[in-house]
There are 2 protein chains.
Amino acid sequence: MARNCRFAVAVHIITVLATHRDTPATSDWIAGSVNTNPVVVRRILSALAKAGLVQSQRGIAGGSALAKEPGAISLLDIYRAVDEQEAQAMHHQPPNPNCPVGAHIVPVLTEILRCAEDAKQQELAKRNVGDVVAAIRHRIAAE
Amino acid sequence: MARNCRFAVAVHIITVLATHRDTPATSDWIAGSVNTNPVVVRRILSALAKAGLVQSQRGIAGGSALAKEPGAISLLDIYRAVDEQEAQAMHHQPPNPNCPVGAHIVPVLTEILRCAEDAKQQELAKRNVGDVVAAIRHRIAAE
DNA sequence: CTATATCGTAACCACTATTATTACAAATTC
DNA sequence: GAATTTGTAATAATAGTGGTTACGATATAG
C-alpha cells in the first residue's frame with residue numbers, strides 16, 4: 001500500500017466534480033466512484049481547496065464543487081496541490097566531502113533532477129481537466 | 001529512510017568509476033565516498049552490471065570499472081537500471097465501473113502519466129556521465 | 001432551538017518500499 | 001592454501017501511504 005496514488009485520486013475527484021456541476025458532491029458519494037474511504041477523499045479535497053481548485057461547504061446540503069472552470073485547472077495545478085514529495089531523492093547521508101566527487105556531486109545532481117522534474121511538470125501543464133472530461137466522454141461514445 | 005535515493009547513489013558510483021579509470025574500485029572504497037554501506041554499493045553495482053554499464057570482478061585485485069566510455073552512458077541508462085518503480089501510481093482499488101468517470105479514467109490517466117514520465121526520461125537522456133564529470137571538475141576549478 | 005448531515009482533522013493501524021547491517025558462499029589472486 | 005573481494009540472502013529499522021474510527025465544527029431544515 002506504499003505507492004503514491006494521490007494524483008490519480010485527485011484527478012478522479014476533480015473530474016467527478018467537473019461532470020456534476022449542478023449540485024455539490026459529498027465526500028461519501030465521491031468515495032463511491034473512486035472506491036475508497038470518504039476520509040481519503042476529504043483529505044485530498046482539503047489539499048485541493050488549499051490550492052484554490054475546489055470549494056467545500058459543511059452542513060446538511062454541503063459538499064464540494066469546482067472553484068474554477070474545468071478548462072482553467074491544469075493537471076499541473078492538481079499535481080502541485082497533492083504531490084509535494086520528489087520522486088528521486090538525494091543521498092540519505094551527505095557524501096564524503098574529502099572525495100572530490102562526494103564534495104561536489106550533490107548540487108550537480110540536484111540541478112539535473114530539477115530539470116527532469118520540470119520537463120514532467122511542463123507535460124502535465126499542457127493538459128487541463130476539460131481535456132480529461134473530453135477524453136472520458138470520447139471513450140464513452142466509443143463503447 | 002523511505003525516499004528513493006538509488007539514482008543519486010548510482011550516478012555517484014558511476015562518476016567515481018569515471019574519475020578512477022586506471023584501477024578497479026572496491027565497493028568498500030566507493031562506499032567511503034558515498035558514505036554508506038558497501039553492500040548498498042554492491043547492490044547498485046549489480047543492477048548497473050545487469051544493464052551493461054559496469055563490470056565487476058571478484059578476488060584479491062577485484063573491484064568494479066566502467067564497461068563503456070563515460071560519454072556513452074546517459075543518465076537515462078542509469079535511471080532505467082536502478083529505478084524501475086513509477087513515481088505516481090494508479091488507484092489502489094479499481095474505481096467503481098458503474099460511475100462513468102470511474103469506468104474510463106484509468107486508461108486516460110495512464111496515458112497522461114506515461115507522457116509525463118517520457119518527458120522526464122528524455123531530459124535525463126540529454127546528459128551523460130561525461131557531462132557530470134565535467135560539471136564536477138568545473139566546480140572544483142571554481143573553488 | 002434541535003436534529004441531522006456534512007466537512008475537517010487527529011489518531012491509529014496495516015502494509016510496503018527502502019536502506020543499513022550481518023553473514024556467508026563463490027571467485028580470484030598471490 | 002590464505003587473503004581479499006564480490007554477490008546475495010536474511011533481517012531489522014525507518015518512513016510514507018492509505019484505510020478506518022472518532023469527534024468537534026458548521027450549516028441547513030423543520
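Numbers restart at 1 for each chain; the letters A, B, ... are given by sequence-line order, proteins then strands.
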*asked:* What's the separation between atom CD1 in Ile30(A) and atom SG in Cys99(B), rounded to the nearest 0.5 Å?
replied: 10.0 Å
*side-chain contact (heavy atoms from CB on, under 4.5 Å) with Pro70(B): which residues, sequence neighbours excluded?*
Ala18(B), Arg21(B), Leu66(B), Val129(B)
_Interface residues of residues 93-108 of chain A with DNA chain C (non-hydrogen, below 4.0 angstrom)_ = none
*Check the distance between dG18(D)'s P and Met90(B)'s CE and give it to me in whole angstrom.*
13 Å
*With respect to the phosphate group of dG8(C), does any side-chain polar atom (N or O) of Ser56(A) fall under 4.0 Å of OP1 or OP2?*
yes
_Please report the distance, rounded to the nearest Å, between CD in Gln55(A) and C1' in dT6(C)._
16 Å
*Check whether any side-chain N or O of Arg3(B) sits under 3.5 Å from a backbone N or O of Ala89(A) as a donor-acceptor pair, and report yes or no.*
no
*asked:* Under the rule for side-chain contact (heavy atoms from CB on, under 4.5 Å), what residues qualify as partners of Val108(A), not counting sequence neighbours?
replied: Ile112(A), Val132(B), Ala135(B), Ile136(B), Arg139(B)
*Between the side chain of Asn35(B) and the main-chain N/O of Gln93(A), is any donor-acceptor distance below 3.5 Å?*
no
*If you measure only the distance, is there a donor-acceptor pair under 3.5 Å linking the side chains of Arg80(A) and Gln121(A)?*
yes
*asked:* Just verifying a value: how many Å separate His138(A) NE2 and His104(B) NE2, rounded to the nearest 0.5 Å?
replied: 11.5 Å
*Touch class at under 4.0 angstrom, heavy-atom based, for Arg6(B) against every strand present*: sugar-phosphate
_So for Arg43(B) and dT21(C), does any side-chain atom that can act as donor or acceptor lie under 3.5 Å from a complementary atom in the base?_
yes
_Below 4.0 angstrom, which residues in residues 16-37 of chain B have at least one non-hydrogen atom near DNA chain C?_
Thr36(B), Asn37(B)
Set out, line by line, the N/O atom pairs under 3.5 Å between protein and nucleotides 26-30 of chain C.
{"unit_1": "dA26(C)", "atom_1": "N3", "unit_2": "Arg58(B)", "atom_2": "NH1", "d": "3.2"}
{"unit_1": "dA27(C)", "atom_1": "O4'", "unit_2": "Arg58(B)", "atom_2": "NH1", "d": "3.2"}
{"unit_1": "dT28(C)", "atom_1": "O2", "unit_2": "Ile60(B)", "atom_2": "N", "d": "3.4"}

*Do any N or O atoms from the side chain of Asn96(A) and from the backbone of Gly102(A) form a donor-acceptor pair under 3.5 angstrom?*
no
*Stepwise salt bridge (charged side-chain N to carboxylate O under 4.0 Å, His left out) test for Glu123(B) and Lys126(B)*: CA-CA 5 Å; Glu123(B) 197 65 25; Lys126(B) 289 181 187 169; 3.1 Å; yes
*For Val39(A) and for Arg42(B), find the nucleotide of DNA chain D with the closest heavy atom, then tell me which residue's nucleotide is more 5'.*
Arg42(B)
*What residues, two or more places apart in sequence or in another chain, satisfy ring pair (Phe, Tyr, Trp, His ring centres under 6.0 Å) together with His20(B)?*
Trp29(B)
*Counting N and O atoms only, with roles assigned by atom type, does the side chain of Ser46(B) sit under 3.5 Å from a partner on the main chain of Arg42(B), one being a donor and the other an acceptor?*
no
